[in-house]
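The basis for the numbers below is simple: all heavy atoms, side chains too, and nothing from hydrogens, waters or symmetry mates. Both ligands and their constituent atoms are indexed starting at 1 by order of listing.
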Amino acid sequence: MGKKDPPVPASGRTSAGSRDRSAPNSMWGGRFTGAPDALMEGINASIGFDKALHAQDIAGSRAHAEMLAAAGILPAEDAAAICDGLDRIAAEIAAGEFDFRTELEDIHMNIEARLGELIGGAAGRLHTARSRNDQVATDLRLWLRDAIDGCDAALAALQSTLIDKAEAHADWVMPGFTHLQAAQPVTVGHHMLAYVEMFGRDRGRLADARKRLNESPLGAGALAGTSFAIDREATASALGFDRPTANSLDSVSDRDFVLEFLAAATICAGHLSRLGEELVIWSSAQFGFARLSDAFSTGSSMMPQKRNPDAAELIRGKSGRILGAFVTVFTVMKGLPLAYSKDMQEDKEPVFDAAETLAVCLQVAAAMVADLSFDRERLSAAAGAGNTVATDLADWLVREGGVPFRESHAIAGRAVALAEAKGCGLGDLPLEDLRTIDDRITEGVFDVLTVDRSVTSRTSHGGTAPDNVRAQAAAARERFL
Ligand code: ARG
């Protein structure tokens with residue numbers, strides 16, 4: 001422990017092993033004569049995980065004490081002693097010297113109890129006009145605000161890596177799929193930029209959630225507000241909130257901000273999962289579109305030939321965990337009457353886990369994308385396989401022959417059937433064969449029946465043409481980075 005004797009010894013403040021197990025809790029035991037059962041203490045305690053809120057709790061307490069002093073509710077010297085004590089606690093935590101105690105339930109009571117040990121009586125004035133209910137809501141909002149900022153930075157880094165890849169592969173062709181059936185040729189750059197859009201929307205959702213969460217519940221008290229003339233604007237602005245929350249009941253019972261984050265995180269995890277799935281498919285021997293280096297592959301303990309894309313699979317798999325966090329918190333919240341209920345303590349582990357999981361996945365995804373090397377030849381061969389230029393034939397008939405698209409679609413379909421019967425590609429069919437299907441087809445059709453022509457022709461807004469990709473990559477840099 002390495003700490004001095006407490007200046008204000010109190011029951012329930014001794015360490016778990018030596019304390020008097022028959023004494024009521026010192027923070028709220030006034031109307032109690034007995035101590036909690038050990039089982040009660042076990043299920044009740046959140047310190048094991050909510051100690052992650054220590055920095056936010058200290059910041060909130062400092063803002064509250066300073067506000068109380070400025071409002072004349074707390075003597076200035078007490079506020080000074082409190083802030084000094086809070087600094088010392090922060091230093092103890094940073095040095096790993098703080099004794100987190102289960103019998104003190106949570107981070108709020110642990111810090112307040114230690115403050116009492118360090119500065120004595122003034123510590124008992126800190127909780128004026130405050131409850132753990134508004135305290136925990138404030139701490140969690142502050143924590144989540146930082147977590148969102150971290151995710152945003154990680155998403156921007158991932159976008160930047162994808163944009164680099166897109167530029168480097170602006171004119172590399174690959175098959176585009178629908179139903180995982182070869183559909184039309186696209187460029188690798190275009191495919192990379194599709195993810196840049198997804199992650200851009202994820203950032204938008206997180207930013208939107210951040211905007212709404214950035215209101216201060218501090219001063220809502222237990223649920224009804226307080227009779228003290230507190231200045232909620234002052235604590236809000238000291239903590240970087242845009243404004244105080246409007247309704248004290250809502251302030252302590254709301255966890256929308258957790259759910260919004262988790263919903264946005266789940267959608268983002270879904271995008272990462274799809275990316276992971278593509279990396280798995282692309283790096284298989286059957287596709288062979290791309291290769292992850294040794295740094296992002298694992299071997300098999302039995303099969304010497306294996307190169308497994310474990311990290312991509314884990315990114316795919318961890319999306320389940322993040323959705324699980326959303327489902328957990330939603331289920332905890334949906335039946336609760338106003339205002340606070342202890343059920344709400346169950347919000348923290350899922351949200352902490354989801355935020356950490358998402359942060360790791362975003363980092364790994366960026367590193368894997370950077371690591372990825374594409375096989376240009378295999379991609380190019382695959383891009384043309386399966387007569388992916390059939391739409392180009394139909395479009396050519398519309399453009400050059402004035403044929404209605406429904407009709408040209410049928411003609412191209414017959415040409416595909418003929419090519420399949422002959423075991424060749426559309427572009428390899430002799431002109432005479434094509435003209436037996438429709439005599440409006442002329443020599444000029446062969447200009448459009450190549451993969452390269454197909455992609456370069458798709459210059460419509462948002463289309464896959466290499467020049468589009470280059471312009472879109474530059475635009476994405478402007479929009480997102
Ligand atoms: N540890 C509690 C939580 O995480 C803090 C709030 C406790 N409030 C109460 N009235 N018991 O929700």
Checklist outcome for this item: Looking only at protein heavy atoms, what sits closest to atom 11 (N) of ligand 1 is Arg132 NH2, 3.5 Å

Item to check | Pairing residues for Phe32 by the ring-ring contact (aromatic ring centres under 6.0 Å, His included) criterion, not counting sequence neighbours | outcome: Trp28

Next on the checklist: Within the structure, is a non-hydrogen atom of Lys348 found at a distance of less than 4.0 Å from ligand 1?
Outcome noted: yes

Checklist outcome for this item: For atom 12 (O) of ligand 1, the closest protein heavy atom turns out to be Tyr340 OH, 2.5 Å

Item to check | Glu105 N/O to ligand 1 N/O under 3.5 Å | outcome: no

Checklist entry - Under 4.0 Å from any heavy atom of Asp106, which atoms of ligand 1 are there? => result 1 (N), 2 (C), 5 (C)

Checklist entry - Among all protein non-hydrogen atoms, which one is nearest to atom 8 (N) of ligand 1, and what is the separation to 0.1 Å? => result Asn133 OD1, 2.8 Å

Item to check | Over-ring placement of Lys348 relative to Phe49, 6.0 Å and 45° cut-offs | outcome: no

Next on the checklist: Would Arg145 pass as a cation-pi partner of Phe241, given that its NZ or CZ must be under 6.0 Å from the six-membered ring centre and within 45 degrees of the axis?
Outcome noted: yes

Next on the checklist: Please determine whether a side-chain nitrogen of the Lys or Arg among Arg212 and Asp256 lies less than 4.0 Å from a carboxylate oxygen of the Asp or Glu.
Outcome noted: no

Checklist entry - So which protein heavy atom does atom 2 (C) of ligand 1 come closest to, and at what separation? => result Gln345 OE1, 3.2 Å

Checklist entry - Going by the atom numbers of ligand 1, which of them fall below 4.0 Å from some non-hydrogen atom of Ser46? => result 1 (N)

Checklist entry - Thinking salt bridges, do Asp164 and Arg477 make one under a 4.0 Å N-O criterion? => result yes

Checklist entry - Is a side-chain N or O of Asp50 found less than 3.5 angstrom from the main chain of Ile107, in a donor-acceptor match? => result yes

Checklist entry - Quick one: does Arg255 get an N or O within less than 3.5 Å of an N or O on ligand 1? => result no

